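Excluded from the calculations below are hydrogen atoms, water molecules and symmetry mates; all remaining heavy atoms, backbone and side chain alike, are included. This is a predicted model, so every value here is computed, not measured.
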Protein chains: 2
Amino acid sequence: MDPKLLEIYRCLCDETRLRLLHLLKQGPLCVCHFQTILDVPQVAISKHLAYLRQHGLVTAQRHEQWMIYRLSEPSPRELHLQLQCLQDCVQAYPVFKSDLRRLKTLRRDCGWVAEVASPKNKGGRGKRMPAACCDK
Amino acid sequence: MDPKLLEIYRCLCDETRLRLLHLLKQGPLCVCHFQTILDVPQVAISKHLAYLRQHGLVTAQRHEQWMIYRLSEPSPRELHLQLQCLQDCVQAYPVFKSDLRRLKTLRRDCGWVAEVASPKNKGGRGKRMPAACCDK
DNA sequence: TTGACATATACTCCATCGAGTATATGCTCA
DNA sequence: TGAGCATATACTCGATGGAGTATATGTCAA
């Protein structure tokens, strides 16, 4: 059996990874933002992101000192369906809601996040990330 | 975090369990039919069904010497969504197609399966299961 | 070039999982 | 009551997963 679907499910059966994917569904993010939002030790975030990367769900790209993670594009059909379903399921769980709330705050306060998340406004693309990212 | 969603994902990250759930989505089945369809050792089927039962995805009911498994009713929202999504994802995988094919054969040959699966035709409900179920 | 920061990797420990084998339980029928 | 069938449980073993700690790597800026 094509391992894809199983791989996806294995990626989805950890709370931290669910939260990471849920956030990534809103747009690319760097590790330090995940740390801020999830309030989980750096090493855990990093390892879970590595896991997701090894299984092809996300890709990473260095930008100066920061690693930017985003969902794989183009996403295979199963992944797309699963992430949509996750999105629907997650409504009832407070953690995900508060993650979203924190993400919005970050977007407001950190020019960079807002910009990468919705790349329509390209003014200053890649130039607005402050020294410690968003003055974290 | 309410463990429900994670529990569901953990149940979904094994191929045998995916196949079991996929079949149960079509209607109740007894263990011997799972064996016939999946061609997997009895003990494996039994243990995976126990796993699904422990996590509330399926229920079991004895009928004479046979154990009839069915999806939990009413299914919680997440489970419903997930099983629907599984259904969609699974289209591309030959295993699941051939499982369905075998299920249809069983329904044709085994009065009992056909009857339990679509309980509209109630004639002889519970009486038509032959000695060794469907003469397997 | 040194120090600070962001992130990744290596290593250990413990829990869980899945497969296999053997055996137990529950039911039916002769 | 004993045999046979359907199913479940106990036990072992090896693989994988997740947490924590320590350390390495890559980048920037002074």
Side-chain angles (χ1 to χ4, degrees), chain A residues 1 3 6-7 9-20 28-55 58-70 110 112-113 126-127 129-136, chain B residues 1 3 6-7 9-20 28-55 58-70 110 112-113 126-127 129-136:
Chain A
M1 162 165 168
L6 273 180
E7 269 182 282
Y9 279 130
R10 297 216 172 96
C11 286
L12 293 173
C13 62
D14 174 89
E15 175 173 343
T16 303
R17 290 199 292 266
L18 283 185
R19 295 173 71 190
L20 294 173
L29 272 181
C30 72
V31 179
C32 59
H33 288 121
F34 285 124
Q35 279 181 255
T36 307
I37 297 174
L38 300 198
D39 195 26
V40 158
Q42 178 263 324
V43 63
I45 306 262
S46 191
K47 280 195 290 188
H48 284 300
L49 284 169
Y51 189 102
L52 292 175
R53 194 154 32 101
Q54 279 156 24
H55 292 86
V58 307
T59 57
Q61 183 187 4
R62 182 174 284 281
H63 179 85
E64 297 173 12
Q65 350 173 12
W66 295 278
M67 288 295 284
I68 316 299
Y69 281 85
R70 63 190 75 219
C110 171
W112 182 81
V113 185
K127 287 176 195 157
M129 197 189 312
C133 198
C134 54
D135 299 319
K136 194 171 41 71
Chain B
M1 163 165 166
L6 273 180
E7 269 183 283
Y9 280 130
R10 297 216 172 97
C11 287
L12 293 174
C13 62
D14 174 88
E15 176 174 341
T16 304
R17 290 199 292 265
L18 284 185
R19 295 173 72 191
L20 294 173
L29 272 180
C30 72
V31 179
C32 60
H33 289 121
F34 286 124
Q35 278 181 256
T36 307
I37 297 175
L38 300 197
D39 194 25
V40 158
Q42 178 263 324
V43 62
I45 306 261
S46 190
K47 280 195 291 187
H48 283 302
L49 285 169
Y51 189 101
L52 292 175
R53 194 155 31 103
Q54 278 155 25
H55 292 86
V58 307
T59 57
Q61 184 188 2
R62 182 174 284 280
H63 180 85
E64 298 173 11
Q65 354 176 7
W66 295 278
M67 288 294 284
I68 316 299
Y69 282 83
R70 62 190 75 219
C110 171
W112 181 81
V113 185
K127 287 176 198 158
M129 195 186 316
C133 198
C134 53
D135 299 320
K136 194 170 41 70

*According to a strict under-4.0 Å criterion, is A:Tyr51 in side-chain N/O contact with OP1 or OP2 of D:dA19?*
no

*Closest to the B:Pro41 side chain, choosing from C:dC27, D:dT21, C:dG20*: C:dG20

*With side chains defined as the heavy atoms from C-beta onward, is the minimum distance between A:Tyr69 and A:Val31 less than 4.5 Å?*
yes

*On DNA chain C, check which nucleotide each of A:Arg10 and A:Tyr69 is closest to and give me the residue with the more 5' one.*
A:Tyr69

*asked:* How many whole angstroms separate atom CD of B:Glu64 from atom C1' of D:dT7?
replied: 15 Å

*Which nucleotide, C:dT7, D:dG18, D:dA8, lies nearest any side-chain atom of A:Cys32?*
C:dT7

*Are any of A:Arg17's side-chain N or O atoms less than 4.0 Å away from OP1 or OP2 of D:dG18?*
yes

*Are the side chain of A:Arg53 and the backbone N or O of A:Val58 linked by a donor-acceptor pair below 3.5 Å?*
no

*May I ask you to test the B:Leu38-B:Ile45 pair for a side-chain heavy-atom distance under 4.5 Å?*
yes

_Residue-phosphate contact under 4.0 Å: A:His63 side-chain N/O, D:dT27 OP1/OP2_ = no

*Whole angstrom is fine here: how far is it from NE2 in B:His55 over to C1' in C:dT16?*
10 Å

*Expected output: side-chain A:Arg62 to main-chain A:Met67 donor-acceptor under 3.5 Å*: no

*Between A:Cys13 and B:Val31, name the one whose nearest nucleotide on DNA chain D is closer to the 5' end.*
B:Val31

*Quick one: does A:Lys47 reach the base of D:dG20 with a side-chain donor-acceptor pair under 3.5 Å?*
yes

*Take atom CD1 of A:Ile68 and atom P of D:dG26, then tell me their distance rounded to the nearest Å.*
18 Å

_Spacing of B:His33 atom NE2 relative to D:dA6 atom P, expressed in whole Å_ = 10 Å

*Could you check which of C:dT7, D:dT9, D:dT7 has an atom nearest any side-chain atom of B:Arg53?*
D:dT9

_To the nearest 0.5 Å, what is the distance between CD on B:Glu15 and CG on B:Leu20?_
10.5 Å

_Atom-pair distance (CD on B:Gln61; P on C:dG26), nearest Å_ = 17 Å

*Where the side chain of A:Gln65 is concerned, which of C:dA8, C:dA19, C:dA6 is the nearest nucleotide?*
C:dA6

*Would you mind reading off the distance between B:Ile45 atom CD1 and D:dA8 atom P, rounded to a whole angstrom?*
10 Å

*Between the side chain of B:Arg17 and the main-chain N/O of B:Arg10, is any donor-acceptor distance below 3.5 Å?*
yes

*Within this structure, what is the CE-to-P distance between B:Met67 and C:dT28, rounded to whole angstrom?*
13 Å

*For B:Arg62, answer base if it contacts any base atom (sugar-phosphate contacts may also be present), sugar-phosphate if it contacts only those atoms, and nothing otherwise; contact means non-hydrogen atoms under 4.0 Å.*
sugar-phosphate

_Tell me whether the side-chain N or O atoms of B:Gln42 pair up with the base of D:dA6 as donor and acceptor below 3.5 Å, since no angle test is needed here._
no

*What does A:Phe34 touch in the nucleic acid at a heavy-atom separation under 4.0 angstrom: a base, only the sugar-phosphate, or nothing?*
nothing

*Grab the CH2-P distance between B:Trp66 and D:dG4 for me, whole Å please.*
17 Å

